[in-house]
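Before any comments, here is the structure.
The sequence lines fix the lettering, A, B, ..., with proteins before strands; numbering per chain opens at 1.
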Amino acid sequence: MTSSSVNRGPLWLRKLRALERKAYSFEKFVCIVSLVVMTFATGYVVMTRNLHLASPNYGELGLAALIPLTLVGGAMCTYLGSHISVEIMQVAPSRFLRGITEVAAAVFSIVFACFYIYSGVVLVEEFRYTGDKLLDLGTPLWVLAAFFPVGMGLMIFHCIVRILCVLAGVPKYEESEVAA
Amino acid sequence: MIGYLLLLLLVGVPVGVAFSLVILLNAEAWSVSLDFVGQTTLDALLNYPFLAIPLFILGGELMSRGGLTRQLVKFSTRMLRWSSASMGHVMIVASALMGAITGSSVAAVAAIGRAIGPEMLKRGYKPGYVGALNAASGLLGVLLPPSIPLILYGAAVGVSITSLFLATLVPGLLFTVMFMVVHSFRARHVLEGGKEREVDGDHALSLKTAKEWFALVPALFMPVLVLGGIYSGVFTPTEAAAVAALYALFYALVTRSESFSGLGDGFARAAASSAAVMFIIGFTTVFNRALVLEQVPQQIATYAVGLTDSALVFLLAVNLMLLLVGMFMETSAATLLMGPLLAPAAVQYGIDPIHFGLIVVINIEIGLLTPPLAANLYVAALVNRIPLVPLIKQLTWFIVACLACLLLVTYVPQVSLWYQYVF
């Protein structure tokens with residue numbers, strides 16, 4: 001986000017957006033680490049199998065990394081506005097209509113995220129109780145399920161900031177940022 | 001339910017959220033337990049073939065940043081310079097080569113458009129035509145193996161992804177040839193003066209010294225590595241994606257063609273694109289599961305068989321429906337939803353699920369060229385900085401070519417099942 005975008009609107013909103021920017025940095029870090037893990041873990045599996053080296057199946061780590069990439073990455077997409085959606089209303093001529101639909105989309109996303117936070121918490125409790133793990137390296141499933149409340153919580157935060165931005169009449173994104 | 005879904009999509013709710021929400025808001029009626037919807041998503045995501053999607057996207061991004069895409073373009077330029085209107089053919093062949101590595105249509109449009117679009121404009125092509133050719137030839141990114149939508153179809157329907165990759169080889173080449181034929185006919189009309197303008201000086205795509213020729217080897221080795229590795233059984237399609245990404249990363253590091261921060265940006269962009277696709281995969285599963293629990297695919301199969309005994313009529317109806325779906329839905333979501341929904345009916349008509357997979361994917365891919373949801377079109381317009389209207393005008397020829405190929409693939413199963421006769 002460029003400074004011109006962050007420095008618009010009332011002080012409380014600027015502080016909130018600065019906090020959102022930090023949340024985005026965290027999400028980006030998690031997603032990049034996930035990609036690095038899945039690339040090297042899968043590459044390592046190919047190497048060990050073809051060189052006949054005795055080694056545990058580290059490919060499981062790559063598979064597990066799909067969960068943070070999807071759930072925390074989903075929150076990152078909410079921040080960047082890069083979710084795949086039908087963008088008919090975003091090109092509507094009326095600014096009021098665009099604002100209304102943007103708020104509505106954010107509210108629906110919050111409702112959706114609440115469902116998954118609830119289900120994620122249930123899953124964490126369930127997996128901690130049963131001790132379920134992935135087969136090869138024994139990655140605990142509750143760790144993966146914990147990304148539901150984390151990712152969805154971040155998604156709700158971004159949606160709330162988006163709603164506040166619309167209500168305050170402050171543009172959410174700089175064009176260059178969305179393109180990036 | 002369809003009404004609510006359309007409303008949510010129209011409002012601009014992300015596709016994954018919309019498909020999940022219509023079920024969650026009426027969970028009891030769909031026999032879905034709210035406690036365990038997360039489990040459904042988790043089960044869907046912990047699926048090894050899906051790992052290929054972020055890895056192929058990363059590979060494509062690193063190829064563009066590291067300069068491998070540029071090398072592929074140079075090679076295509078050199079090989080095709082004998083032909084008239086060669087730069088258009090270069091765009092088609094380079095897109096095909098890119099497709100043989102990354103498996104993504106939009107990635108091919110963005111990478112090849114950036115590299116060849118300006119060269120075509122310099123040579124006097126109409127801007128609208130450049131964008132149209134870029135958007136259409138981007139389809140080769142998916143129609144030639146490897147292919148992300150075919151991975152999705154294979155995983156969702158439960159058929160061999162390697163067989164799907166083999167099957168799409170001939171249709172992919174058919175589309176390549178068809179686009180080249182269309183370009184040959186159209187070139188005279190879209191070039192100022194009827195032929196390509198000479199570009200003076202030593203332009204960026206020339207290959208003169210032995211060193212420049214030698215620099216092509218790593219780029220040309222990449223499709224050999226990916227496809228050779230898959231078909232020789234050295235690695236699976238998922239592993240091939242990781243190998244491609246590692247190879248592109250290694251190349252960028254060794255040749256120092258991109259800085260560390262640039263590579264970091266590449267990872268960040270790939271992460272954002274991957275997350276958007278994986279989000280749809282993870283959360284449309286709830287919708288799919290609900291349909292399966294209510295036996296909707298079986299009902300569709302029974303209904304279709306009741307309407308007509310003819311597989312030909314069924315395929316025609318499927319084509320019309322999927323073309324429509326492709327116009328309104330994103331590729332991954334459409335493949336994940338329509339594949340499992342229609343495949344049982346196709347099997348009842350005696351249609352091979354591999355053949356049917358190609359029909360599904362080609363139809364939905366053509367949707368990438370047809371508004372309102374036409375990702376290739378928008379990316380081509382963005383990358384080449386061309387307004388949409390002249391681009392759409394020029395696209396008609398390529399859409400007709402696509403439909404001709406689609407009919408051939410649909411009604412001549414041998415085009416996609418050729419490998420069963422050869423091997």
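For A/F147, no part lies under 4.5 angstrom from a heavy atom of chain B. The contact between A/F108 and chain B is made by backbone and side chain atoms together, counting heavy-atom distances below 4.5 Å. Both the backbone and the side chain of A/M38 come within less than 4.5 Å of a heavy atom of chain B. There is no contact between A/V72 and chain B, counting heavy-atom distances below 4.5 Å.
Checking B/F279, B/F283, B/F36 one by one against A/Y116, the ring pair (Phe, Tyr, Trp, His ring centres under 6.0 Å) holds for a single residue, B/F283.
Side-chain atoms of A/T42 and B/Y48, non-hydrogen and from C-beta on, do get closer than 4.5 Å to each other.
Side chain of A/S119 to main chain of B/D35: a donor-acceptor pair is present (N/O by atom type, distance under 3.5 Å, no hydrogens or angles).
Put simply, of B/V243, B/V13, B/T236, the one with the most heavy-atom pairs under 4.5 Å next to chain A is B/V13. Most heavy-atom pairs under 4.5 Å with chain A: of the set B/I281, B/L249, B/T41, this distinction falls to B/T41. When B/D265, B/L46, B/L42 are compared by the number of non-hydrogen pairs under 4.5 Å with chain A, B/L46 comes out ahead.
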side-chain contact (heavy atoms from CB on, under 4.5 Å) assessment of B/Q39 paired with A/E126
CA-CA 10 Å; B/Q39 171 96 57; A/E126 177 82 10; 5.8 Å; no
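Closest heavy-atom contact between B/L51 and A/L66: CD1-CG, 3.8 Å.
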